[in-house]
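Every chain is numbered from 1 and lettered A, B, ... according to where its sequence line falls, protein lines coming before strand lines. Computed from heavy atoms alone, side chains included, the values below leave out hydrogens, waters and symmetry copies.
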There are 2 protein chains.
Amino acid sequence: MLNDPSLSVTQTCGDCPIRHRAVCARCETDELEQLDQIKYYRKYEAGQTVVWSGDRMEFVGSVVSGIATLTQTMEDGRTQMVGLLLPSDFVGRPGRGNAAYDVVATTDLVMCCFRKQPFEDLMNKTPHIAHRLLEMTLDELDAAREWMLVLGRKTAREKIASLLSIIARRDASLHLRSAEGQLVFDLPLTREAMADYLGLTLETVSRQISALRKDGVIHLEGKRHVTVPDMERLLEEAGDDADGGMLA
Amino acid sequence: MLNDPSLSVTQTCGDCPIRHRAVCARCETDELEQLDQIKYYRKYEAGQTVVWSGDRMEFVGSVVSGIATLTQTMEDGRTQMVGLLLPSDFVGRPGRGNAAYDVVATTDLVMCCFRKQPFEDLMNKTPHIAHRLLEMTLDELDAAREWMLVLGRKTAREKIASLLSIIARRDASLHLRSAEGQLVFDLPLTREAMADYLGLTLETVSRQISALRKDGVIHLEGKRHVTVPDMERLLEEAGDDADGGMLA
DNA sequence: GACCCGCTTTGACCCAGATCAAGAATGGCA
DNA sequence: TGCCATTCTTGATCTGGGTCAAAGCGGGTC
(Lines give C-alpha, C1' and ligand atoms only; values in the text may rest on other atoms or scores of the structure.)
Protein backbone atom coordinates (compact mmCIF):
# COMPACT_ATOMS: atom_id res chain seq x y z
CA MET A 1 0.00 0.00 0.00
CA LEU A 2 2.72 2.43 0.94
CA ASN A 3 5.81 2.13 -1.18
CA ASP A 4 7.07 5.72 -1.29
CA PRO A 5 10.27 5.68 0.81
CA SER A 6 9.92 9.39 1.57
CA LEU A 7 6.86 8.61 3.66
CA SER A 8 8.23 6.43 6.41
CA VAL A 9 5.80 6.03 9.29
CA THR A 10 8.68 6.54 11.68
CA GLN A 11 8.90 10.24 10.97
CA THR A 12 7.46 12.43 13.71
CA CYS A 13 4.50 14.70 13.15
CA GLY A 14 6.90 17.63 13.29
CA ASP A 15 8.59 16.26 10.20
CA CYS A 16 5.30 15.80 8.42
CA PRO A 17 5.63 17.09 4.87
CA ILE A 18 2.49 19.19 5.33
CA ARG A 19 3.22 20.52 8.81
CA HIS A 20 2.98 24.19 7.76
CA ARG A 21 -0.81 24.08 7.91
CA ALA A 22 -1.23 20.92 9.96
CA VAL A 23 -3.18 20.64 13.17
CA CYS A 24 0.01 19.96 15.09
CA ALA A 25 1.72 23.21 14.17
CA ARG A 26 1.82 24.41 17.79
CA CYS A 27 2.08 21.10 19.64
CA GLU A 28 4.57 20.28 22.38
CA THR A 29 6.92 17.33 21.98
CA ASP A 30 4.82 14.90 23.99
CA GLU A 31 1.68 15.85 22.07
CA LEU A 32 3.52 15.30 18.82
CA GLU A 33 4.44 11.82 19.99
CA GLN A 34 0.81 11.10 20.78
CA LEU A 35 -0.19 12.32 17.33
CA ASP A 36 2.49 10.14 15.76
CA GLN A 37 1.02 7.09 17.49
CA ILE A 38 -2.35 7.49 15.77
CA LYS A 39 -0.98 8.67 12.44
CA TYR A 40 -0.77 6.58 9.27
CA TYR A 41 -0.60 7.16 5.54
CA ARG A 42 -3.13 6.13 2.89
CA LYS A 43 -2.66 5.99 -0.85
CA TYR A 44 -5.32 6.21 -3.53
CA GLU A 45 -5.06 5.94 -7.29
CA ALA A 46 -6.42 8.56 -9.64
CA GLY A 47 -10.15 8.04 -9.97
CA GLN A 48 -10.59 6.10 -6.74
CA THR A 49 -13.30 7.20 -4.33
CA VAL A 50 -11.99 7.91 -0.83
CA VAL A 51 -15.45 7.94 0.79
CA TRP A 52 -19.02 8.02 -0.45
CA SER A 53 -21.44 10.60 0.84
CA GLY A 54 -23.31 9.15 3.80
CA ASP A 55 -20.72 6.47 4.55
CA ARG A 56 -19.15 6.15 7.94
CA MET A 57 -15.81 7.96 8.00
CA GLU A 58 -13.39 6.54 10.52
CA PHE A 59 -10.55 8.98 10.05
CA VAL A 60 -9.61 12.61 9.57
CA GLY A 61 -6.45 13.82 7.91
CA SER A 62 -4.60 16.06 5.50
CA VAL A 63 -3.69 15.75 1.86
CA VAL A 64 0.08 15.17 1.53
CA SER A 65 0.31 15.02 -2.26
CA GLY A 66 -2.15 14.88 -5.13
CA ILE A 67 -5.62 16.33 -5.49
CA ALA A 68 -8.98 15.27 -4.12
CA THR A 69 -12.41 16.77 -4.66
CA LEU A 70 -15.59 17.07 -2.60
CA THR A 71 -18.69 16.54 -4.71
CA GLN A 72 -22.46 16.66 -4.31
CA THR A 73 -24.80 14.92 -6.74
CA MET A 74 -28.55 15.30 -7.31
CA GLU A 75 -30.74 12.30 -8.12
CA ASP A 76 -30.85 13.21 -11.80
CA GLY A 77 -27.06 13.27 -12.04
CA ARG A 78 -26.33 16.99 -11.89
CA THR A 79 -23.16 17.37 -9.85
CA GLN A 80 -21.51 20.29 -8.10
CA MET A 81 -18.01 20.24 -6.74
CA VAL A 82 -17.98 21.94 -3.33
CA GLY A 83 -14.33 21.64 -2.45
CA LEU A 84 -10.94 21.21 -4.06
CA LEU A 85 -8.44 19.59 -1.71
CA LEU A 86 -4.82 20.43 -2.43
CA PRO A 87 -1.75 19.37 -0.43
CA SER A 88 -2.02 20.56 3.20
CA ASP A 89 -5.84 20.73 3.16
CA PHE A 90 -7.74 19.00 5.94
CA VAL A 91 -10.42 16.37 5.33
CA GLY A 92 -13.12 15.13 7.64
CA ARG A 93 -14.79 16.59 10.67
CA PRO A 94 -14.29 15.73 14.28
CA GLY A 95 -17.62 15.04 15.94
CA ARG A 96 -19.31 13.86 12.77
CA GLY A 97 -19.76 10.20 12.03
CA ASN A 98 -20.66 10.28 8.35
CA ALA A 99 -19.26 11.95 5.28
CA ALA A 100 -21.51 14.67 3.85
CA TYR A 101 -19.96 14.56 0.37
CA ASP A 102 -18.26 12.20 -2.04
CA VAL A 103 -14.50 12.49 -1.69
CA VAL A 104 -12.69 11.44 -4.87
CA ALA A 105 -8.99 11.22 -5.68
CA THR A 106 -8.58 13.17 -8.91
CA THR A 107 -4.90 12.35 -9.23
CA ASP A 108 -2.84 9.78 -7.37
CA LEU A 109 -3.25 10.81 -3.76
CA VAL A 110 -1.42 10.41 -0.46
CA MET A 111 -3.14 11.35 2.76
CA CYS A 112 -1.82 11.63 6.30
CA CYS A 113 -4.62 10.27 8.47
CA PHE A 114 -5.47 10.12 12.15
CA ARG A 115 -7.90 7.56 13.49
CA LYS A 116 -10.99 9.49 14.42
CA GLN A 117 -11.72 8.49 18.00
CA PRO A 118 -8.15 8.86 19.31
CA PHE A 119 -7.83 12.15 17.44
CA GLU A 120 -10.97 13.49 19.09
CA ASP A 121 -9.74 12.35 22.48
CA LEU A 122 -6.47 14.14 21.88
CA MET A 123 -8.32 17.23 20.68
CA ASN A 124 -10.36 17.27 23.87
CA LYS A 125 -7.18 17.26 25.93
CA THR A 126 -5.20 19.81 23.89
CA PRO A 127 -7.15 23.02 23.31
CA HIS A 128 -4.87 24.48 20.66
CA ILE A 129 -5.67 21.58 18.32
CA ALA A 130 -9.33 22.56 18.57
CA HIS A 131 -8.32 26.17 17.92
CA ARG A 132 -6.29 25.20 14.90
CA LEU A 133 -9.24 23.24 13.54
CA LEU A 134 -11.55 26.17 14.15
CA GLU A 135 -9.16 28.43 12.25
CA MET A 136 -8.96 26.00 9.35
CA THR A 137 -12.72 25.57 9.27
CA LEU A 138 -13.21 29.34 9.21
CA ASP A 139 -10.77 29.52 6.28
CA GLU A 140 -12.76 26.88 4.45
CA LEU A 141 -15.96 28.76 5.17
CA ASP A 142 -14.46 31.92 3.69
CA ALA A 143 -13.35 30.00 0.62
CA ALA A 144 -16.83 28.49 0.23
CA ARG A 145 -18.44 31.92 0.47
CA GLU A 146 -15.97 33.39 -1.98
CA TRP A 147 -16.97 30.58 -4.31
CA MET A 148 -20.66 31.43 -3.88
CA LEU A 149 -19.90 34.79 -5.50
CA VAL A 150 -18.16 32.99 -8.36
CA LEU A 151 -21.09 30.60 -8.88
CA GLY A 152 -23.85 33.15 -8.46
CA ARG A 153 -22.61 36.25 -10.20
CA LYS A 154 -19.60 35.71 -12.45
CA THR A 155 -19.60 35.09 -16.21
CA ALA A 156 -18.16 31.91 -17.69
CA ARG A 157 -14.92 33.72 -18.60
CA GLU A 158 -14.57 35.17 -15.11
CA LYS A 159 -15.27 31.77 -13.60
CA ILE A 160 -12.45 30.15 -15.57
CA ALA A 161 -10.07 32.97 -14.67
CA SER A 162 -11.04 32.64 -11.00
CA LEU A 163 -10.33 28.93 -10.97
CA LEU A 164 -7.00 29.38 -12.74
CA SER A 165 -6.07 32.09 -10.22
CA ILE A 166 -6.75 29.82 -7.28
CA ILE A 167 -4.82 26.91 -8.72
CA ALA A 168 -1.93 29.14 -9.78
CA ARG A 169 -1.77 30.76 -6.35
CA ARG A 170 -1.91 27.51 -4.42
CA ASP A 171 0.56 25.88 -6.77
CA ALA A 172 2.96 28.80 -6.51
CA SER A 173 2.88 28.70 -2.71
CA LEU A 174 3.80 25.01 -2.84
CA HIS A 175 6.52 24.95 -5.46
CA LEU A 176 7.72 28.53 -5.90
CA ARG A 177 8.57 27.65 -9.49
CA SER A 178 7.97 30.94 -11.22
CA ALA A 179 10.39 32.22 -13.82
CA GLU A 180 10.72 36.02 -14.21
CA GLY A 181 7.25 36.69 -12.78
CA GLN A 182 5.56 34.04 -14.91
CA LEU A 183 3.57 31.28 -13.27
CA VAL A 184 3.72 27.79 -14.74
CA PHE A 185 1.64 24.84 -13.64
CA ASP A 186 -0.27 21.76 -14.75
CA LEU A 187 -4.03 21.72 -14.55
CA PRO A 188 -4.90 18.93 -12.12
CA LEU A 189 -8.50 18.68 -13.36
CA THR A 190 -10.25 17.48 -16.52
CA ARG A 191 -12.49 19.94 -18.34
CA GLU A 192 -15.45 18.09 -16.90
CA ALA A 193 -14.20 18.44 -13.31
CA MET A 194 -13.60 22.15 -13.91
CA ALA A 195 -17.16 22.42 -15.23
CA ASP A 196 -18.50 20.70 -12.11
CA TYR A 197 -16.61 23.14 -9.94
CA LEU A 198 -17.75 26.20 -11.86
CA GLY A 199 -21.38 25.29 -12.53
CA LEU A 200 -20.77 25.17 -16.29
CA THR A 201 -20.71 22.52 -19.02
CA LEU A 202 -17.44 21.06 -20.23
CA GLU A 203 -17.99 22.58 -23.68
CA THR A 204 -18.23 26.07 -22.22
CA VAL A 205 -15.09 25.46 -20.16
CA SER A 206 -13.23 24.40 -23.29
CA ARG A 207 -14.45 27.40 -25.28
CA GLN A 208 -13.52 29.90 -22.58
CA ILE A 209 -10.07 28.42 -22.10
CA SER A 210 -9.54 28.72 -25.85
CA ALA A 211 -10.72 32.32 -25.71
CA LEU A 212 -8.33 33.19 -22.87
CA ARG A 213 -5.52 31.57 -24.86
CA LYS A 214 -6.40 33.53 -28.02
CA ASP A 215 -6.45 36.74 -25.98
CA GLY A 216 -3.01 36.01 -24.54
CA VAL A 217 -4.16 35.84 -20.92
CA ILE A 218 -2.73 32.33 -20.65
CA HIS A 219 -0.48 30.15 -22.78
CA LEU A 220 -1.16 26.43 -23.25
CA GLU A 221 1.22 23.59 -24.06
CA GLY A 222 -0.80 20.48 -24.70
CA LYS A 223 -4.14 20.41 -22.90
CA ARG A 224 -2.96 20.75 -19.34
CA HIS A 225 0.30 22.70 -19.10
CA VAL A 226 -0.46 26.36 -18.43
CA THR A 227 1.72 29.47 -18.38
CA VAL A 228 0.37 32.70 -16.92
CA PRO A 229 2.50 35.55 -18.31
CA ASP A 230 0.81 38.22 -16.18
CA MET A 231 -0.93 37.29 -12.96
CA GLU A 232 -2.40 40.80 -12.57
CA ARG A 233 -4.11 40.41 -15.90
CA LEU A 234 -5.56 37.05 -14.90
CA LEU A 235 -6.93 38.52 -11.66
CA GLU A 236 -8.52 41.34 -13.63
CA GLU A 237 -10.19 38.81 -15.90
CA ALA A 238 -11.43 37.03 -12.77
CA GLY A 239 -13.19 40.22 -11.71
CA ASP A 240 -11.18 40.42 -8.49
CA ASP A 241 -9.62 43.42 -6.89
CA ALA A 242 -6.09 43.40 -8.26
CA ASP A 243 -4.62 43.87 -4.78
CA GLY A 244 -6.92 42.04 -2.39
CA GLY A 245 -8.12 38.96 -4.19
CA MET A 246 -9.33 35.52 -3.33
CA LEU A 247 -8.87 34.31 0.21
CA ALA A 248 -8.80 30.63 -0.71
CA MET B 1 -30.58 52.21 22.31
CA LEU B 2 -32.21 49.39 24.21
CA ASN B 3 -35.80 50.08 25.10
CA ASP B 4 -37.34 46.63 24.90
CA PRO B 5 -38.14 45.68 28.51
CA SER B 6 -37.99 41.97 27.65
CA LEU B 7 -34.25 42.34 27.09
CA SER B 8 -33.03 43.38 30.50
CA VAL B 9 -29.26 43.12 30.80
CA THR B 10 -29.72 41.55 34.21
CA GLN B 11 -30.90 38.26 32.77
CA THR B 12 -28.30 35.51 32.90
CA CYS B 13 -26.93 33.87 29.80
CA GLY B 14 -28.87 30.77 30.73
CA ASP B 15 -32.05 32.83 30.30
CA CYS B 16 -30.92 34.11 26.93
CA PRO B 17 -33.83 33.87 24.48
CA ILE B 18 -31.58 32.12 21.98
CA ARG B 19 -29.80 29.76 24.34
CA HIS B 20 -30.81 26.61 22.46
CA ARG B 21 -28.03 27.11 19.93
CA ALA B 22 -25.90 29.54 21.89
CA VAL B 23 -22.24 29.07 22.70
CA CYS B 24 -23.07 28.79 26.38
CA ALA B 25 -25.35 25.77 26.01
CA ARG B 26 -23.03 23.55 28.07
CA CYS B 27 -21.54 26.07 30.44
CA GLU B 28 -21.31 25.73 34.22
CA THR B 29 -22.86 28.34 36.47
CA ASP B 30 -19.65 30.29 37.04
CA GLU B 31 -18.89 30.35 33.33
CA LEU B 32 -22.39 31.63 32.63
CA GLU B 33 -21.75 34.45 35.08
CA GLN B 34 -18.55 35.33 33.30
CA LEU B 35 -20.39 35.34 29.97
CA ASP B 36 -23.08 37.56 31.47
CA GLN B 37 -20.45 40.09 32.47
CA ILE B 38 -19.29 40.63 28.89
CA LYS B 39 -22.73 40.34 27.31
CA TYR B 40 -24.82 43.20 26.00
CA TYR B 41 -27.60 43.77 23.51
CA ARG B 42 -27.54 45.83 20.34
CA LYS B 43 -30.44 47.04 18.25
CA TYR B 44 -30.47 47.96 14.59
CA GLU B 45 -33.23 49.29 12.41
CA ALA B 46 -34.25 47.68 9.13
CA GLY B 47 -31.78 48.71 6.46
CA GLN B 48 -28.97 49.65 8.84
CA THR B 49 -25.53 48.22 8.19
CA VAL B 50 -24.10 46.35 11.18
CA VAL B 51 -20.53 46.25 9.81
CA TRP B 52 -18.89 46.98 6.51
CA SER B 53 -16.62 44.45 4.88
CA GLY B 54 -13.05 45.19 5.95
CA ASP B 55 -14.00 47.16 9.03
CA ARG B 56 -12.71 46.26 12.44
CA MET B 57 -15.27 44.13 14.28
CA GLU B 58 -15.03 44.44 18.04
CA PHE B 59 -17.68 41.91 19.00
CA VAL B 60 -19.13 38.50 18.26
CA GLY B 61 -22.68 37.47 19.03
CA SER B 62 -25.95 35.85 18.08
CA VAL B 63 -29.10 37.12 16.44
CA VAL B 64 -31.89 37.33 19.00
CA SER B 65 -34.68 38.57 16.75
CA GLY B 66 -34.92 39.86 13.20
CA ILE B 67 -32.91 39.00 10.11
CA ALA B 68 -29.45 39.99 8.97
CA THR B 69 -27.60 39.14 5.78
CA LEU B 70 -23.97 38.62 4.81
CA THR B 71 -23.19 40.13 1.42
CA GLN B 72 -20.27 40.37 -0.99
CA THR B 73 -20.10 43.03 -3.68
CA MET B 74 -17.92 43.33 -6.79
CA GLU B 75 -16.56 46.68 -7.95
CA ASP B 76 -19.18 46.92 -10.70
CA GLY B 77 -21.99 46.45 -8.20
CA ARG B 78 -22.90 42.81 -8.71
CA THR B 79 -23.73 41.43 -5.28
CA GLN B 80 -24.05 37.95 -3.86
CA MET B 81 -25.54 37.16 -0.51
CA VAL B 82 -23.42 34.52 1.23
CA GLY B 83 -25.33 34.09 4.45
CA LEU B 84 -28.78 34.58 5.90
CA LEU B 85 -28.71 35.12 9.66
CA LEU B 86 -31.87 34.11 11.45
CA PRO B 87 -32.50 34.14 15.20
CA SER B 88 -29.95 31.95 17.05
CA ASP B 89 -27.30 32.27 14.29
CA PHE B 90 -23.81 33.32 15.30
CA VAL B 91 -21.99 36.32 13.81
CA GLY B 92 -18.31 37.14 13.80
CA ARG B 93 -15.24 35.05 14.19
CA PRO B 94 -12.95 34.71 17.14
CA GLY B 95 -9.35 35.26 16.11
CA ARG B 96 -10.24 37.54 13.20
CA GLY B 97 -9.98 41.27 13.49
CA ASN B 98 -11.90 42.42 10.44
CA ALA B 99 -15.23 41.58 8.91
CA ALA B 100 -14.99 39.72 5.61
CA TYR B 101 -18.50 40.68 4.44
CA ASP B 102 -21.07 43.41 4.75
CA VAL B 103 -23.51 42.56 7.53
CA VAL B 104 -26.87 44.29 7.02
CA ALA B 105 -30.01 44.29 9.14
CA THR B 106 -32.80 43.35 6.74
CA THR B 107 -35.53 43.78 9.35
CA ASP B 108 -35.32 45.41 12.75
CA LEU B 109 -32.67 43.41 14.51
CA VAL B 110 -31.61 42.61 18.07
CA MET B 111 -28.27 40.96 18.69
CA CYS B 112 -26.79 39.46 21.84
CA CYS B 113 -23.13 40.45 21.71
CA PHE B 114 -19.95 39.61 23.56
CA ARG B 115 -16.96 41.91 23.51
CA LYS B 116 -14.40 40.16 21.38
CA GLN B 117 -11.26 40.12 23.52
CA PRO B 118 -12.92 38.96 26.75
CA PHE B 119 -14.87 36.38 24.79
CA GLU B 120 -11.68 34.99 23.27
CA ASP B 121 -10.04 34.89 26.69
CA LEU B 122 -13.00 32.99 28.06
CA MET B 123 -12.94 30.66 25.05
CA ASN B 124 -9.28 29.90 25.72
CA LYS B 125 -10.11 28.91 29.29
CA THR B 126 -13.26 26.89 28.57
CA PRO B 127 -12.69 24.26 25.86
CA HIS B 128 -16.33 23.40 25.30
CA ILE B 129 -17.01 26.92 24.07
CA ALA B 130 -14.38 26.36 21.39
CA HIS B 131 -16.00 23.02 20.60
CA ARG B 132 -19.41 24.59 20.33
CA LEU B 133 -18.01 27.21 17.96
CA LEU B 134 -16.32 24.54 15.87
CA GLU B 135 -19.62 22.67 15.64
CA MET B 136 -21.48 25.81 14.60
CA THR B 137 -18.82 26.70 12.05
CA LEU B 138 -18.99 23.21 10.57
CA ASP B 139 -22.77 23.60 10.29
CA GLU B 140 -22.31 26.89 8.49
CA LEU B 141 -19.78 25.29 6.17
CA ASP B 142 -22.26 22.55 5.30
CA ALA B 143 -24.95 25.14 4.66
CA ALA B 144 -22.58 27.12 2.42
CA ARG B 145 -21.70 24.00 0.43
CA GLU B 146 -25.33 23.03 0.11
CA TRP B 147 -25.90 26.51 -1.25
CA MET B 148 -23.11 26.04 -3.80
CA LEU B 149 -25.21 23.25 -5.33
CA VAL B 150 -28.21 25.58 -5.45
CA LEU B 151 -26.21 28.36 -7.12
CA GLY B 152 -24.28 26.17 -9.53
CA ARG B 153 -26.77 23.59 -10.72
CA LYS B 154 -30.39 24.41 -9.93
CA THR B 155 -32.94 26.10 -12.20
CA ALA B 156 -34.61 29.36 -11.21
CA ARG B 157 -37.75 27.54 -10.06
CA GLU B 158 -35.73 25.08 -7.98
CA LYS B 159 -33.75 27.93 -6.47
CA ILE B 160 -36.90 29.71 -5.29
CA ALA B 161 -38.32 26.47 -3.90
CA SER B 162 -35.01 25.81 -2.09
CA LEU B 163 -35.03 29.24 -0.47
CA LEU B 164 -38.66 28.93 0.59
CA SER B 165 -37.91 25.49 2.08
CA ILE B 166 -35.08 26.84 4.16
CA ILE B 167 -37.06 29.79 5.45
CA ALA B 168 -40.13 27.65 6.12
CA ARG B 169 -38.07 25.09 7.99
CA ARG B 170 -36.20 27.62 10.10
CA ASP B 171 -39.36 29.55 10.80
CA ALA B 172 -41.25 26.41 11.79
CA SER B 173 -38.53 25.40 14.23
CA LEU B 174 -38.79 28.82 15.88
CA HIS B 175 -42.53 29.33 16.10
CA LEU B 176 -44.16 25.94 15.59
CA ARG B 177 -47.15 27.74 14.12
CA SER B 178 -48.35 25.19 11.60
CA ALA B 179 -52.05 24.43 11.24
CA GLU B 180 -53.04 20.92 10.07
CA GLY B 181 -49.67 20.28 8.39
CA GLN B 182 -49.62 23.64 6.60
CA LEU B 183 -46.73 26.01 7.08
CA VAL B 184 -47.40 29.72 7.26
CA PHE B 185 -44.77 32.43 7.40
CA ASP B 186 -43.80 35.91 6.26
CA LEU B 187 -41.01 36.34 3.75
CA PRO B 188 -38.34 38.36 5.55
CA LEU B 189 -36.66 39.40 2.29
CA THR B 190 -37.46 41.69 -0.61
CA ARG B 191 -37.49 40.18 -4.10
CA GLU B 192 -34.17 41.88 -4.70
CA ALA B 193 -32.60 40.32 -1.59
CA MET B 194 -33.90 36.93 -2.66
CA ALA B 195 -32.37 37.49 -6.08
CA ASP B 196 -29.02 38.36 -4.48
CA TYR B 197 -29.14 35.19 -2.46
CA LEU B 198 -30.07 32.99 -5.43
CA GLY B 199 -27.87 34.51 -8.13
CA LEU B 200 -30.90 35.68 -10.13
CA THR B 201 -32.52 38.98 -11.07
CA LEU B 202 -35.47 40.32 -9.13
CA GLU B 203 -37.70 39.98 -12.20
CA THR B 204 -36.97 36.27 -12.45
CA VAL B 205 -37.66 35.84 -8.73
CA SER B 206 -41.01 37.56 -9.14
CA ARG B 207 -41.95 35.48 -12.17
CA GLN B 208 -41.04 32.16 -10.53
CA ILE B 209 -42.93 33.00 -7.35
CA SER B 210 -45.96 33.79 -9.52
CA ALA B 211 -45.50 30.47 -11.32
CA LEU B 212 -45.31 28.50 -8.05
CA ARG B 213 -48.45 30.28 -6.90
CA LYS B 214 -50.31 29.48 -10.14
CA ASP B 215 -49.27 25.84 -9.82
CA GLY B 216 -50.58 25.67 -6.26
CA VAL B 217 -47.22 24.91 -4.66
CA ILE B 218 -47.59 27.96 -2.43
CA HIS B 219 -50.36 30.40 -1.61
CA LEU B 220 -49.73 34.13 -1.27
CA GLU B 221 -51.57 36.78 0.70
CA GLY B 222 -50.19 40.17 -0.19
CA LYS B 223 -46.59 40.07 -1.34
CA ARG B 224 -44.95 38.56 1.68
CA HIS B 225 -47.34 36.26 3.55
CA VAL B 226 -46.83 32.68 2.36
CA THR B 227 -48.73 29.46 3.00
CA VAL B 228 -47.19 26.13 2.05
CA PRO B 229 -50.02 23.59 1.80
CA ASP B 230 -47.68 20.64 1.20
CA MET B 231 -44.09 20.77 2.36
CA GLU B 232 -43.24 17.50 0.55
CA ARG B 233 -44.31 19.07 -2.72
CA LEU B 234 -42.15 22.12 -2.09
CA LEU B 235 -39.12 19.94 -1.36
CA GLU B 236 -39.75 18.04 -4.59
CA GLU B 237 -39.82 21.33 -6.48
CA ALA B 238 -36.54 22.24 -4.80
CA GLY B 239 -34.96 19.12 -6.29
CA ASP B 240 -34.13 17.72 -2.86
CA ASP B 241 -34.53 14.23 -1.60
CA ALA B 242 -37.99 14.23 -0.04
CA ASP B 243 -36.71 12.56 3.13
CA GLY B 244 -33.18 13.89 3.72
CA GLY B 245 -33.13 17.45 2.53
CA MET B 246 -31.23 20.61 3.24
CA LEU B 247 -28.96 20.64 6.22
CA ALA B 248 -29.17 24.36 6.73
C1' DG C 1 2.26 1.46 -37.25
C1' DA C 2 -2.62 0.95 -37.08
C1' DC C 3 -6.22 0.96 -33.94
C1' DC C 4 -8.76 2.33 -30.02
C1' DC C 5 -10.41 4.98 -26.18
C1' DG C 6 -10.88 8.79 -23.21
C1' DC C 7 -10.36 13.57 -23.41
C1' DT C 8 -10.88 17.85 -25.83
C1' DT C 9 -12.19 21.17 -29.36
C1' DT C 10 -15.30 23.33 -32.46
C1' DG C 11 -19.63 24.24 -34.93
C1' DA C 12 -24.79 25.04 -35.31
C1' DC C 13 -28.73 25.87 -33.01
C1' DC C 14 -31.80 26.71 -28.98
C1' DC C 15 -33.73 28.29 -24.69
C1' DA C 16 -33.76 29.85 -19.70
C1' DG C 17 -33.04 33.69 -17.69
C1' DA C 18 -31.26 38.62 -18.32
C1' DT C 19 -32.40 43.14 -19.83
C1' DC C 20 -35.32 46.92 -20.92
C1' DA C 21 -39.65 49.07 -20.16
C1' DA C 22 -44.21 50.06 -18.48
C1' DG C 23 -47.53 49.81 -14.99
C1' DA C 24 -49.84 48.20 -10.65
C1' DA C 25 -50.05 47.30 -5.72
C1' DT C 26 -48.87 48.76 -1.13
C1' DG C 27 -48.20 51.63 2.63
C1' DG C 28 -46.50 55.68 5.16
C1' DC C 29 -47.58 60.38 5.88
C1' DA C 30 -49.59 64.92 5.61
C1' DT D 1 -58.13 61.31 1.45
C1' DG D 2 -54.90 61.76 -1.61
C1' DC D 3 -49.92 61.87 -2.66
C1' DC D 4 -45.51 59.87 -3.23
C1' DA D 5 -42.02 56.42 -2.89
C1' DT D 6 -41.08 51.86 -2.64
C1' DT D 7 -41.73 47.33 -4.03
C1' DC D 8 -43.60 44.21 -7.06
C1' DT D 9 -45.61 42.30 -11.43
C1' DT D 10 -45.87 41.55 -16.20
C1' DG D 11 -44.67 41.99 -21.13
C1' DA D 12 -41.33 42.12 -25.12
C1' DT D 13 -36.99 41.19 -26.66
C1' DC D 14 -32.14 39.75 -26.44
C1' DT D 15 -28.18 36.81 -25.38
C1' DG D 16 -24.83 33.85 -22.78
C1' DG D 17 -24.32 29.56 -22.10
C1' DG D 18 -26.59 24.92 -22.76
C1' DT D 19 -27.47 21.09 -25.97
C1' DC D 20 -26.59 18.18 -29.71
C1' DA D 21 -23.39 16.54 -33.02
C1' DA D 22 -19.10 15.70 -35.24
C1' DA D 23 -14.36 15.78 -35.61
C1' DG D 24 -9.41 16.19 -33.64
C1' DC D 25 -5.99 14.78 -30.67
C1' DG D 26 -2.56 11.97 -27.80
C1' DG D 27 -0.81 8.08 -25.92
C1' DG D 28 -1.33 3.25 -24.79
C1' DT D 29 -1.21 -1.49 -26.69
C1' DC D 30 -1.16 -5.32 -29.60
query: Can you list the residues that meet the side-chain hydrogen bond (donor to acceptor under 3.5 Å, both in side chains) rule with A:Thr190, with sequence neighbours excluded?
result: none
field: Heavy-atom side-chain contact between B:Gln72 and A:Glu146 under 4.5 Å
entry: yes
query: Heavy atoms under 4.0 Å, any strand shown: does A:Gly199 hit a base, just sugar-phosphate, or nothing?
result: sugar-phosphate
task: Provide, to the nearest angstrom, the distance between the NZ atom belonging to A:Lys154 and the P atom belonging to D:dG16.
output: 19 Å
message: For A:Leu164 and A:Val228: C-alpha separation, side-chain torsions, deciding distance, then whether side chain to side chain contact (heavy atoms under 4.5 Å, CB included) applies.
response: CA-CA 9 Å; A:Leu164 292 177; A:Val228 179; 5.9 Å; no
query: Going through the checks in order, is the salt bridge (Lys or Arg N to Asp or Glu O under 4.0 Å) test met by A:Arg93 and A:Glu140?
result: CA-CA 12 Å; A:Arg93 31 204 55 192; A:Glu140 276 188 89; 5.2 Å; no
field: pair A:Leu198-A:Thr204: side-chain heavy atoms closer than 4.5 Å
entry: no
query: Bend angle of the helix from C:dG1-D:dC30 to C:dA30-D:dT1 from five-pair axes at both ends, rounded to 10°?
result: 30°
- request: For nucleotides 4-10 of chain D, just jot down a letter per nucleotide in 5' to 3' order: B, S or -, based on protein non-hydrogen atoms under 4.0 Å.
  value: ----SBB
- request: Determine whether more than 12 heavy atoms belonging to other residues, nucleotides or ligands lie under 6.0 Å from atom CD of A:Glu192.
  value: no
- prompt: Can you list every salt bridge (Lys or Arg N to Asp or Glu O under 4.0 Å) pair that touches residues 195-221 of chain A, not counting sequence neighbours?
  reply: A:Arg157-A:Asp215, A:Asp196-B:Arg153
Which atom pairs, one a donor and one an acceptor, fall under 3.5 Å between side chains of residues 49-58 of chain B and the rest of the protein, sequence neighbours left out?
{"residue": "B:Ser53", "atom": "OG", "partner": "B:Ala100", "partner atom": "O", "Å": "3.2"}
{"residue": "B:Glu58", "atom": "OE2", "partner": "B:Arg42", "partner atom": "NH2", "Å": "2.9"}

message: Test your reading of the model: is there a side-chain donor-acceptor pair from A:Asp142 to the backbone of A:Asp139, 3.5 Å cut-off?
response: no
- prompt: Using 30° and 60° as the class limits, which term best fits the ring planes of A:Trp147 and A:Tyr197: parallel, tilted or perpendicular?
  reply: parallel
- line: Separation of D:dC25 atom C1' from A:His225 atom NE2, nearest Å, is 19 Å
Interface limits on DNA chain C, where chain A has a heavy atom under 4.0 Å of a nucleotide atom: C:dT8 to C:dA12
